[in-house]
Protein chains: 2
Amino acid sequence: MTPWLDPAQQRSWRALVEGAGQLLARVDRHLRDAHGLTLAEYEILVRLSEGHLHMSELADQVSHSRARVTQTVDRLVRADLVRRSPCPEDRRGVHAALTDRGRAVLDTAARDHVLEVRRLVIDVLDPDELTALGSAMAKIRDATQD
Amino acid sequence: MTPWLDPAQQRSWRALVEGAGQLLARVDRHLRDAHGLTLAEYEILVRLSEGHLHMSELADQVSHSRARVTQTVDRLVRADLVRRSPCPEDRRGVHAALTDRGRAVLDTAARDHVLEVRRLVIDVLDPDELTALGSAMAKIRDATQD
DNA sequence: ACGAGGTAGTTAAACCGTTAACCATCTCGG
DNA sequence: CCGAGATGGTTAACGGTTTAACTACCTCGT
């Protein structure tokens with residue numbers, strides 16, 4: 001029976017939604033404009049940079065639907081950044097791995113992406129604010145996992 | 001020439017992107033499933049709950065493109081939640097205002113939405129964590145405004 | 001060893017958002 | 001007072017995401 005947030009909670013919540021939305025939008029736009037990559041595509045490339053993965057491992061790691069991963073990888077394959085190959089020991093499975101071009105594009109995109117992250121996040125907070133933010137967001141992320 | 005983030009910054013940044021993404025996704029899904037509203041539609045309704053607004057004021061307040069607002073409002077008008085009317089003193093302008101049904105739907109959606117926000121955010125943080133999160137996200141939001 | 005049910009992945013359609021082009025109206029300097 | 005440019009708003013085409021249905025393959029109990 002106490003439905004509403006108090007004013008301070010309101011302000012925090014609004015800052016959170018608006019900040020989260022705009023941050024993701026800016027990062028996505030920067031990757032598109034500067035490197036022709038969606039944030040979703042970029043995240044897939046990052047996961048693949050540690051080695052080849054099954055489609056569904058990929059889907060779990062980035063928490064996207066399998067359908068979405070299929071189509072994101074389709075685009076990456078068309079762009080010659082990722083290679084698909086059938087998995088030997090499970091004939092349903094499909095490996096995805098970076099191509100050389102994929103690794104090269106990711107390397108330059110990643111360097112630039114980090115600069116943007118600094119600009120938008122790291123540089124506007126002092127270090128303990130950043131850690132506090134990180135631990136709060138980790139709790140929220142985990143609370144949305146179930 | 002120090003391109004990378006240190007491990008702690010990395011963790012904070014990953015918690016931030018992942019948490020932000022999943023939080024927005026969950027809130028959007030909850031509104032859709034429980035009330036047939038997109039988060040974008042919901043935010044428009046919230047702005048209109050204080051009184052009628054011009055399309056472009058609406059666009060500024062929710063920071064969406066005018067085109068997007070036009071189409072979001074289209075859907076809301078089709079659903080009979082919002083009413084459009086030509087603005088008397090500027091014949092280019094268009095007022096948007098809640099219908100009675102719009103106000104009713106917003107009222108019940110808002111109550112329920114707040115419960116979800118508590119579940120996902122307020123209840124998983126202690127109060128000073130929440131204020132710290134809020135002020136950090138406010139800085140990030142403002143840093144993405146330019 | 002076989003069939004039921006689970007898992008891996010893809011496909012097609014509908015939906016939402018972005019982009020760019022567009023028309024109508026307003027504003028303001030010359 | 002008039003025409004250039006700015007502003008308000010819509011439209012259409014396109015791109016990415018979700019959803020649901022579908023195929024192929026694997027697993028495990030019987």
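Everything numeric here is computed off the predicted structure, so don't read it as measured data. In what follows, chains are A, B, ... by sequence order, proteins preceding strands, each numbered from 1. Side-chain atoms are counted along with the backbone in the values below, which use heavy atoms only and exclude waters and symmetry mates.
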Worksheet item: Taking OP1 and OP2 of dG9(C), is either one under 4.0 Å from a side-chain nitrogen or oxygen of S56(A)?
Response: yes
Discussion item. Is T72(B) close enough to dC16(C) that one of its side-chain N or O atoms is under 4.0 Å from OP1 or OP2 there?
Written reply: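 No, T72(B) has no side-chain N/O under 4.0 Å of OP1/OP2 on dC16(C).
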Discussion item. Between H30(A) and H113(A) (judged by ring centroids, cut-off 6.0 Å), do the two rings come close enough to count as a pair?
Written reply: no
Discussion item. Taking the nucleotide of DNA chain D with the nearest heavy atom to each, does R91(A) or V94(B) sit closer to the 5' end?
Written reply: V94(B)
Practice prompt. Find which nucleotide of DNA chain D each of R92(A) and T38(A) is nearest to by heavy atoms, and output the residue with the more 5' nucleotide.
Written response: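 Nearer the 5' end of the strand: T38(A).
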Calculate the interatomic distance between [X] atom [atom1] and [N] atom [atom2]; express it in whole Å.
X      : N       : atom1 : atom2 : result
I44(A) : dG16(D) : CD1   : C1'   : 13 Å
R78(B) : dC16(C) : CZ    : P     : 9 Å
H64(B) : dT10(D) : NE2   : P     : 16 Å
D60(A) : dA8(C)  : CG    : P     : 8 Å
H30(A) : dT18(C) : NE2   : P     : 18 Å
H95(B) : dG8(D)  : NE2   : C1'   : 13 Å

Worksheet item: Hey, is the main chain of A59(A) close enough, under 3.5 Å, to the side chain of S56(A) for a donor-acceptor pair?
Response: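 Not a single qualifying donor-acceptor pair exists.
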Practice prompt. Look only at the side chain of T144(A) and the backbone of Q22(B), and say whether a donor-acceptor pair between them is shorter than 3.5 Å.
Written response: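 No: the side chain of T144(A) does not pair with the backbone of Q22(B).
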Worksheet item: When all nucleic acid strands are considered with a 4.0 Å heavy-atom cut-off, which category describes T70(B): base, sugar-phosphate, or nothing?
Response: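 Counting heavy atoms under 4.0 Å across all strands, the contact made by T70(B) includes a base.
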Worksheet item: So does D100(B) have more than 12 non-hydrogen atoms from other groups sitting under 6.0 Å from CG?
Response: no
Fill in: Pairwise 5' ranking along DNA chain C for G93(A) and A40(B), keeping only the more 5' one
G93(A)
Discussion item. On DNA chain C, compare the nucleotides closest to E89(B) and R84(A); which residue's is nearer the 5' end?
Written reply: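 Closer to the 5' end of DNA chain C: R84(A).
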Kindly point out which of [options] is positioned nearest to the side chain of [X]?
X      : options                   : answer
R75(A) : dT10(C), dG16(D), dC26(D) : dG16(D)
D90(A) : dG16(D), dG8(D), dC25(D)  : dC25(D)
R66(A) : dG17(C), dG9(C), dG9(D)   : dG9(C)

Discussion item. Are there runs of at least three consecutive Watson-Crick or G-U pairs touching DNA chain D, with each pair's two distances under 3.5 angstrom? Give them by first number.
Written reply: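 Listed by first number, the stems are C:1-30 with D:1-30.
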Worksheet item: Does E57(A) pair with R47(A) as a salt bridge, N-O distance under 4.0 Å?
Response: no
Worksheet item: Do D28(A) and R32(A) sit within salt-bridge range, that is, some charged N less than 4.0 Å from a carboxylate O?
Response: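 Yes.
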Could you list, one pair per line, each protein nitrogen or oxygen that sits under 3.5 Å from a nitrogen or oxygen of nucleotides 19-21 of chain D, together with the distance?
from, atom 1, to, atom 2, distance (Å)
dT19(D), OP1, R29(B), NH2, 3.1
dT19(D), OP2, R29(B), NH2, 3.3

Practice prompt. Could you pull out all residues at least two apart from R29(B) that satisfy side chain to side chain donor-acceptor pair (under 3.5 Å)?
Written response: none
